[in-house]
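See structure below.
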Amino acid sequence: MQLVVARIGRAHGIKGEVTVEVRTDEPELRLGPGAVLATDPASAGPLTIASGRVHSGRLLLRFEGVHDRTGAEALRNTLLIADVDPEERPEGEDEYYDHQLIDLDVVTKEGEEVGRITEISHLPTQDLFVVERPDGSEVFVPFVEEIVAEIDLEEQRAVITPPPGLIDGRAEVASSRDASESGDDAR
């Protein structure tokens, strides 16, 4: 199975280094020196990592055969793809690869069918499940402990405890202005 593990960003310096947007929880395993990665577009690779380092909080990589800024710039926006055994599991107990979550049935804790996970959207602050409802509409479910109560890979389902309005469209709005709107705030 192939997993996208990073996206190449801008060139850094003049010796062929590039910044990368890491898309794996295991960069030391997937993006270490000697790793051979497929690419999207395929014409850019495969690429072999020659070296890597962290600079100002960003991972910088240098690839074999890329020795200057021009070569590095040509790789911008290329996706790096690692071959992973489909049976392999992440190290953490509550960690999952995207391919393990895609197509899981989503149900509420009460057993109400919500839909099926069709995509995982990786945002800067959290991940979202894109869930296709039985009627064809989509709902976005934040992949956070407070909402996703259980992932059961054996049963192929995700159990959620959605707050009001997340899946039914009936949000409850609480306001601290209720008291002041009654006219009691005259001075």
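Everything quoted here is computed from the prediction, not taken from an experiment. Values below: every heavy atom of this structure, side chains too, minus hydrogens, waters and symmetry copies.
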Check: Taking atom CG of Asp40 and atom CD of Gln2, what is their separation to the nearest 0.5 Å?
Finding: 9.5 Å
Checklist line | Heavy-atom side-chain contact between Ile120 and Phe129 under 4.5 Å | finding: yes
Check: Can you tell me how far the CG atom of Leu80 sits from the CG atom of Leu47, to the nearest 0.5 Å?
Finding: 6.5 Å
Notebook entry, point to check: Taking side chain as C-beta onward, heavy atoms only, is Val131 less than 4.5 Å from Phe140?
Noted result: no
Check: Backbone N or O of Val22 within a donor-acceptor pair of the Arg7 side chain at under 3.5 Å?
Finding: no
Check: Which atom pair, heavy atoms only, marks the closest approach of Glu138 to Thr118?
Finding: OE2-OG1, 4.4 Å
Notebook entry, point to check: Would you find more than 12 non-hydrogen atoms of other residues, nucleotides or ligands less than 6.0 Å from Ile102 atom CD1?
Noted result: yes
Note to self: If hydrophobic clusters are built by linking Ile, Leu, Val, Met, Phe, Trp and Tyr wherever their side-chain heavy atoms come under 4.5 Å apart, do Val139 and Ile151 end up in the same one?
What the structure shows: yes
Checklist line | Interatomic distance, Arg62 atom CZ to Arg53 atom CZ [nearest 0.5 angstrom] | finding: 10.5 Å
Checklist line | Distance (rounded to the nearest 0.5 Å) between Glu119 CD and Leu101 CG | finding: 12.5 Å
Check: Does Val114 share a hydrophobic cluster with Leu166, counting links as ILVMFWY side-chain heavy atoms below 4.5 Å and allowing steps through other members?
Finding: yes
Notebook entry, point to check: Distance from Leu75 atom CG to Ile8 atom CD1, nearest 0.5 Å?
Noted result: 4.5 Å
Check: So, for Val159 and Lys109, which heavy atoms are closest and what is the spacing to 0.1 Å?
Finding: CG1-CA, 3.7 Å
Check: Do the side chains of Leu31 and Leu60 join up, straight or via other hydrophobic residues, at under 4.5 Å, putting them in one cluster?
Finding: no
Check: Do the side chain of Thr161 and the main chain of Glu146 share a donor and acceptor less than 3.5 angstrom apart?
Finding: yes
Note to self: Side chains of Arg116 and Leu104, heavy atoms from C-beta outward: is any pair under 4.5 Å?
What the structure shows: no
Next item on the list: Find out whether Ile81 and Thr39 are in side-chain contact, i.e. whether some heavy atom of one side chain is under 4.5 Å from a heavy atom of the other.
Entry: no
Next item on the list: Ignoring hydrogens and angles, tell me if any N or O in the side chain of Arg10 forms a donor-acceptor pair with the backbone of Arg76 under 3.5 Å.
Entry: no
Next item on the list: May I ask whether Leu59 and Phe63 are part of the same hydrophobic cluster, defined by side-chain heavy atoms of I, L, V, M, F, W, Y residues being less than 4.5 angstrom apart, directly or through others?
Entry: yes
Item checked: Rounded distance [0.5 Å steps], OG1 in Thr48 versus CG in Leu61 -> 12.0 Å
Notebook entry, point to check: When you check the side-chain N and O atoms of Ser137 and Asp135, is any donor under 3.5 Å from an acceptor?
Noted result: yes
Next item on the list: Work out which heavy atom in Val36 is nearest to a heavy atom in Pro46; give both atom names and the distance.
Entry: CG1-CB, 4.1 Å
Next item on the list: Identify which one of Val141, Ile147, Val148 satisfies the side chain to side chain contact (heavy atoms under 4.5 Å, CB included) criterion when paired with Val144.
Entry: Ile147
Checklist line | Shortest non-hydrogen contact from Gln126 toward Pro142 | finding: NE2-CB, 3.4 Å
Next item on the list: Over all heavy atoms of both residues, which pair between Pro33 and Ala50 is shortest? Give the atoms and the distance, please.
Entry: CB-O, 3.9 Å
Next item on the list: Please report the closest heavy-atom contact between Arg58 and Glu21, naming both atoms and the distance.
Entry: NH2-N, 4.2 Å
